Amino acid sequence: MRDRPNPTPGRAYRPHFLMASFVLELLDGDRAGEVVSLDGSTLRIGRKPGNHLVIADEKTSGVHAEVVCDGGRYVLRDLGSTNGTTMDGRRVTEVVLGPGDSFTIGRVRIQFRDASAPSAASSVDSADVVEVASLDIGRLKAAQGKGRSTSTLGLVAVLALAAGGWFWMQSRAAGGDAQSDGPRGPRAILEVAGTRLESGAGSCEQDAGWNLRVAGVGFQSGAPAHTGQGAFEAQRSAEGQDFAVAATAAEIRVLPGRSMLAQAHLRTTGAARAALRVAFWSSADTMPFRFRAGTPLSLHEGWQRVEFATATPPGCDRCCVEIVAVLPDENSRAQCDDVALTESGSTQAIETKVGENGAVVGIGASLAVRSMDKDDPAVMLWLRPTDVAPELRGLHAADLLTLSDVGGAVDVLADDAGAQFIVTGCQKVELGFPIDSGSGMLVDAGAGFVGVEEGAAMTATRALLGDRSTRCLIETKEPTSMQGRAAGGVFRLQFGGSAWRMQLGFRQERQEARERLRAAEAVADAEPGTALLAIREALATFPHDAETAALLAARRGDLQQKAQDHLQQLAKDLDEAEFFDTRGGFLRIVAEIERLVRSYGEDHMPDSKGAMVMLSRAKERLAQLDGQRAQDARNRLTAMAKAFEEAQQPGLATLVRDYVTQRFSKQE
């Protein structure tokens with residue numbers, strides 16, 4: 001065990017004894033402000049429920065550390081944790097605790113203090129105040145002994161305190177003296193009580209706690225600051241990368257429905273624009289949604305304080321703060337400082353039931369449509385602006401442009417069958433769906449639903465996507481240009497419109513389609529062609545319910561397979577008739593094919609071309625046999641007439657020749 005160093009030179013360190021009452025106060029996380037009393041017994045800290053102090057943080061080990069009483073002192077011991085226990089930025093294994101000491105377990109700071117001392121959450125951070133403590137009272141007394149008046153020294157002290165308070169207040173004024181990078185000294189770092197960011201990350205002094213290069217050219221640390229000595233800056237790259245995205249590196253745990261407030265100071269120069277965003281998602285692999293929303297991408301001349309109020313969408317339990325910038329030219333720069341995220345406000349998340357088994361979820365500028373099917377929960381993953389201004393195309397191509405970036409929002413009006421979406425702020429949108437949603441996409445341009453090839457542009461009023469519980473119908477009032485394509489593991493439907501209806505419930509359409517199926521079944525045996533026509537019309541008019549559509553398609557397949565089997569048997573019979581070359585065999589085949597065509601109709605025959613070829617072969621051979629048979633009869637009658645002449649029976653000979661002429665001239 002190492003002893004604690006003397007805090008002040010020349011002053012002996014005195015360990016605290018158990019006659020005083022001490023506590024541990026949590027300074028971060030959902031439990032910030034909670035106090036745990038120490039009574040001299042060992043207090044175990046970790047993530048598992050069996051610990052005395054449970055910290056729900058994934059960077060905290062199951063049994064992480066302990067605080068024990070040793071010889072009248074409290075000692076902090078690390079118990080072989082994965083991520084370690086730190087104090088003053090250094091990793092420790094065993095250290096004596098003194099009043100006011102703070103240490104970090106995982107990502108949660110904990111302070112050891114006297115129970116009678118004020119809470120750390122309500123005390124003013126001395127880093128925010130000019131170091132008045134450096135005005136040593138001992139020196140004041142010594143100076144007083146040299147003839148300086150007490151009133152003069154008191155005035156000096158008061159002025160020093162006033163100056164410290166003034167600088168502290170100025171450090172919190174939004175934008176005060178914000179446009180100047182002049183020779184003024186560094187202003188005290190702005191601290192926001194209750195921020196959910198990792199300790200020190202919000203000050204933007206260095207890149208600790210941040211991923212500054214999420215996408216695009218990224219941000220750099222060390223730029224002129226609003227407060228403190230450093231900020232983040234994005235500048236267009238030599239390669240022409242025209243956007244930048246940075247985000248807090250650690251996942252921030254949040255609770256669904258909680259109101260959140262994101263704040264930052266932003267500054268832009270040239271044509272650059274910047275925005276503050278919050279991204280939400282779920283730690284569960286089965287929930288694929290990611291919601292992004294924030295302030296619009298805007299010019300910020302001089303340091304400007306921006307904030308964005310939102311709420312954690314249903315199903316989400318993680319978030320991060322993002323800084324986004326677009327950099328249209330080489331003179332564009334965007335800077336960021338003083339970032340904070342707190343739980344505050346009364347903003348409401350969106351969770352509206354639609355249809356029979358779906359819900360619209362999200363926040364005002366970022367929505368998704370969820371299915372109740374646990375195995376296939378996504379109907380619509382997101383909606384985004386498209387056909388954007390040139391300076392936004394890089395951000396859009398990276399799938400990082402959101403509706404709020406262009407100042408857009410979306411309203412939803414739900415009913416029993418679906419929801420009406422109305423987007424403001426952009427004229428053309430792109431909807432994202434699970435990748436397999438587009439494999440059977442159907443569109444209706446006014447003549448019924450038909451399949452379309454991926455990537456084909458079309459003009460239609462309705463598009464049907466998905467399968468089973470993810471089935472959805474996109475419908476516009478007027479014919480609209482549409483195009484669907486798969487890219488980046490998502491099926492994307494773009495259409496030129498800012499208002500549409502999404503239907504998820506298809507009860508009426510299902511009933512109508514089932515009625516058509518029953519009608520087809522009633523005539524399937526006697527009139528298979530009529531049954532196939534009814535099925536085709538039902539699939540073109542009411543394919544909304546995937547289960548019913550599958551039943552219709554299956555029955556159509558059965559009827560077509562029956563015709564196909566019959567044609568295959570007739571093909572064998574035709575081969576046999578040609579082998580034996582019997583007129584009766586060809587006559588039967590011709591009759592069967594003609595009956596099959598009449599029953600099904602050429603439009604519904606599975607291989608109508610093949611059937612016509614077989615019919616032609618059978619008729620041709622039948623005509624040949626009939627011709628040969630007629631020629632044999634003519635030859636016999638001609639020979640008979642000749643025999644009558646030779647027998648001196650001219651009357652009979654004439655009678656036979658007249659018969660031959662009358663009969664065979666008609667056939668010819």
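These figures come from a predicted structure and were not determined experimentally.
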Between [Y] and [X], is there a side-chain heavy-atom distance shorter than 4.5 Å?
X: Met441; Y: Phe491; answer: yes
X: Thr295; Y: Glu307; answer: no
X: Gln304; Y: Leu266; answer: no
X: Leu212; Y: Gln220; answer: no
X: Asp415; Y: Arg501; answer: yes
X: Arg273; Y: Glu391; answer: yes
X: Leu504; Y: Val379; answer: yes
X: Val108; Y: Thr60; answer: no

Q: Decide side-chain contact (heavy atoms from CB on, under 4.5 Å) for Leu197 and Ile252; before the verdict, give the C-alpha distance in whole Å, the side-chain angles of both, and the deciding distance to 0.1 Å.
A: CA-CA 7 Å; Leu197 272 62; Ile252 301 172; 4.3 Å; yes

Under 3.5 Å, is there a donor-acceptor pair between the [X] and [Y] side chains?
X: Asp436; Y: Ser439; value: no
X: Gln335; Y: Glu233; value: yes
X: His265; Y: Arg305; value: yes

Q. Can Met502 and Val369 be said to form a side-chain contact (heavy atoms from CB on, under 4.5 Å), step by step?
A. CA-CA 10 Å; Met502 176 180 285; Val369 180; 3.7 Å; yes

**Q.** Which atom of Pro434 lies closest to which atom of Leu381, heavy atoms considered
**A.**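 Taking Pro434 first and Leu381 second, the nearest heavy atoms are N-CD1, 4.0 Å.
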
Q: Identify the two heavy atoms, one from Leu299 and one from Ala272, that lie closest to each other, and give their separation to 0.1 Å.
A: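 Heavy-atom minimum between the residues: CD2-O, 3.0 Å.
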
Q) Under the side chain to side chain contact (heavy atoms under 4.5 Å, CB included) test, which residues partner Glu430, sequence neighbours left out? A)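 Scan of Glu430 (side chain to side chain contact (heavy atoms under 4.5 Å, CB included), adjacent residues dropped) gives Trp382, Thr386, Arg485, Arg492, Gln494.
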
Before accepting this row, confirm whether a basic side-chain N of the pair [X]/[Y] lies closer than 4.0 Å to the acidic partner's carboxylate O.
X: Asp101; Y: Arg113; answer: no
X: Arg107; Y: Glu58; answer: yes
X: Arg236; Y: Glu330; answer: no

**Q.** Glu454 atom CD, neighbour heavy-atom count above 12 within 6.0 Å
**A.**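 Yes.
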
Q. Distance-only, no hydrogens or angles: does the Asp57 side chain make a donor-acceptor pair with backbone N or O of Gly106 under 3.5 Å?
A.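 Here the side-chain-to-backbone pair does not exist.
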
Q. For Pro296, does its backbone N or O pair with a side-chain atom of Ser298 as donor and acceptor, under 3.5 Å?
A.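 Confirmed, Ser298 side chain pairs with Pro296 backbone.
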
Q) Can you list every salt bridge (Lys or Arg N to Asp or Glu O under 4.0 Å) pair that touches residues 205-218, not counting sequence neighbours? A)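 Not a single pair qualifies under salt bridge (Lys or Arg N to Asp or Glu O under 4.0 Å).
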
Q: Could you go through the side-chain contact (heavy atoms from CB on, under 4.5 Å) check for His300 and Val306 one step at a time?
A: CA-CA 10 Å; His300 298 279; Val306 299; 3.5 Å; yes

Q) Stepwise, does the side-chain contact (heavy atoms from CB on, under 4.5 Å) test hold for Leu401 with Val324? A) CA-CA 9 Å; Leu401 185 68; Val324 186; over 6 Å; no

**Q.** Spacing of Asp317 atom CG and Met287 atom CE [to the nearest 0.5 Å]
**A.**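 If I round to the nearest 0.5 Å, the distance is 10.0 Å.
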
**Q.** Trp281 six-ring centre to Arg290 NZ/CZ under 6.0 Å and within 45° of normal
**A.**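 Checked: cation-pi criterion met.
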
